[in-house]
Each structure stands twice: as structure tokens, then as C-alpha cells.
Amino acid sequence: LVLCIDFYYLFEYQSISKSVYVSFFIGFIVYGSILEYAMHRYVYHGRIKSIKKLHLIHHQYPRSYVASPPYITACIIVILHVIFMGLLGYKTGCAFVAGIVLGYLWYITIHHLIHHIDSEHWNLLNHFKMEHQFHHEHAKVNY
């Protein structure tokens, strides 16, 4: 929903420039390379016991639909919008956060496939599955 609203805002009310595309792409890369790692390592395996406990349930029951509560994700997305639209301006900040949200959507899709899809013919998914399974067995690595 946030991604659709961001795209609607960008296409309806803004002229799309090269900086918007670059900002979107950088947001997508930042999510996959920095934010997911930091959230997983320092929040899900961090010191906030209620969040850590919820995530460890996922480690015990990987096929269950236990994850971060949606209100936490929504709060983080709102905070990111406020921060980056303030730092980069409405157009570029909105595009940057849209890239982050698309990165998150990509991550949760792959994570779901890893846990719920038989991937015997998908070599790349099998690679992700093995890496992720190692994290489930040894929770302090492969964040």
C-alpha cells in the first residue's frame, strides 16, 4: 500500500527526473545491503526482549506466520518517510523510501518462498534456503 501511494504521488504530482530513479534504486540497494542486516542482527536478535522472543519463535517454527508485528513495520516506514523527505526533499525522499519498501517486499517474498515452497528446481532459491537454514540452526550467523 505504501509503495502504491509513493508511486501515485511521484507520477501524479511530480516530474520524474533522473535523481528520482537513482534515489529509488539506491533505496532498494540500501534496504537489501544495510537495513535488513541491521534490523535482523540488532533488533530481531538484539536486546528488546519482546521482539527477540517473537523472532525466536520464528526460528523454532519457521513455517509459522510469526514475524514482526505490522504496526512496527508501519511505524518504521512512517519514520523513514519523515526523515528522508526532510533530508532529501519530498520527491527524492519519497522515491528513496519507495525503493526501501520495494526492497522489503522483495525480502519478505524470498523469505516466504524459502520457508514454504519446494525449490528442487530453483538453484538460486536453494542457495538462499541453505544459507537461511544455517542461520536458523546457528542464530548468531548469516543475518
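Keep in mind it's a predicted model, so treat the numbers as computed, not measured.
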J.: To the nearest 0.5 Å, what is the distance between CG on Asn123 and CZ on Phe128?
T.: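 Between Asn123 CG and Phe128 CZ, I get 12.0 Å after rounding to 0.5 Å.
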
J.: Look at the rings of His111 and Tyr107 and say which category their plane angle falls in: under 30° parallel, 30 to 60° tilted, over 60° perpendicular.
T.: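 If you compare the ring of His111 with that of Tyr107, the planes turn out parallel.
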
J.: What closest approach, in Å, do Lys52 and Gly46 show between heavy atoms, and which atom pair accounts for it?
T.: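 Lys52 and Gly46 have their closest heavy atoms at CD-O, 3.2 Å.
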
J.: Mind checking whether His45 and His40 have side chains closer than 4.5 Å, heavy atoms only?
T.: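 Sidechains of His40 and His45: in contact.
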
J.: If you apply the rule side chain to side chain contact (heavy atoms under 4.5 Å, CB included), what do you find for Thr73 with Tyr104, and how did you get there?
T.: CA-CA 10 Å; Thr73 304; Tyr104 176 68; 3.8 Å; yes

J.: In the structure I gave you, are the side-chain heavy atoms of Ile76 and Met39 within less than 4.5 Å of one another anywhere?
T.: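 With C-beta onward as the side chain, the pair touches.
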
J.: Could I get the full list of side chain to side chain contact (heavy atoms under 4.5 Å, CB included) partners for Ser33, not counting sequence neighbours?
T.: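 Listed in chain order: Ile29.
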
J.: Give me the ring orientation class for His116 and His112: parallel if the planes are under 30° apart, tilted from 30 to 60°, perpendicular past 60°.
T.: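 His116 vs His112 ring planes: parallel.
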
J.: For the CD1 atom of Ile114 and the CE atom of Met130, what is their distance to the nearest 0.5 Å?
T.: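 Answer for the CD1-CE pair, Ile114 versus Met130, is 11.0 Å.
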
J.: Would you mind reporting whether Leu113 and Trp122 have side-chain heavy atoms less than 4.5 Å apart?
T.: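 Side-chain contact under 4.5 Å: yes.
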
J.: I need the minimum non-hydrogen distance between Lys129 and Ile117, along with the two atoms involved.
T.: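 Heavy atoms only, the tightest pair is NZ-O, 2.9 Å.
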
J.: Please list all pairs meeting side chain to side chain donor-acceptor pair (under 3.5 Å) that have one or both residues in residues 21-32, counting only residues at least two apart or in different chains.
T.: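 Qualifying pairs: Tyr31-Glu36.
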
J.: What are the two closest non-hydrogen atoms of Cys94 and Met85, and how far apart are they?
T.: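 Shortest heavy-atom separation between Cys94 and Met85 comes out as N-CG, 3.7 Å.
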
J.: Taking the side chain as everything from C-beta on, heavy atoms only, tell me whether Phe96 gets closer than 4.5 Å to Leu80.
T.: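 Side-chain contact under 4.5 Å: no.
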
J.: Are any non-hydrogen side-chain atoms of Phe28 and Ile100 less than 4.5 angstrom apart?
T.: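 Side chain of Phe28 against side chain of Ile100, heavy atoms only: no contact under 4.5 Å found.
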
J.: Tell me whether Phe24 is reachable from Val22 by hopping between hydrophobic residues (I, L, V, M, F, W, Y) whose side-chain heavy atoms are closer than 4.5 Å.
T.: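 Shared cluster, yes.
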
J.: Would Tyr71 and Val78 show up in the same hydrophobic cluster when neighbours are defined by side-chain heavy atoms closer than 4.5 Å?
T.: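 As far as the 4.5 Å side-chain criterion goes, Val78 and Tyr71 are not connected within one cluster.
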
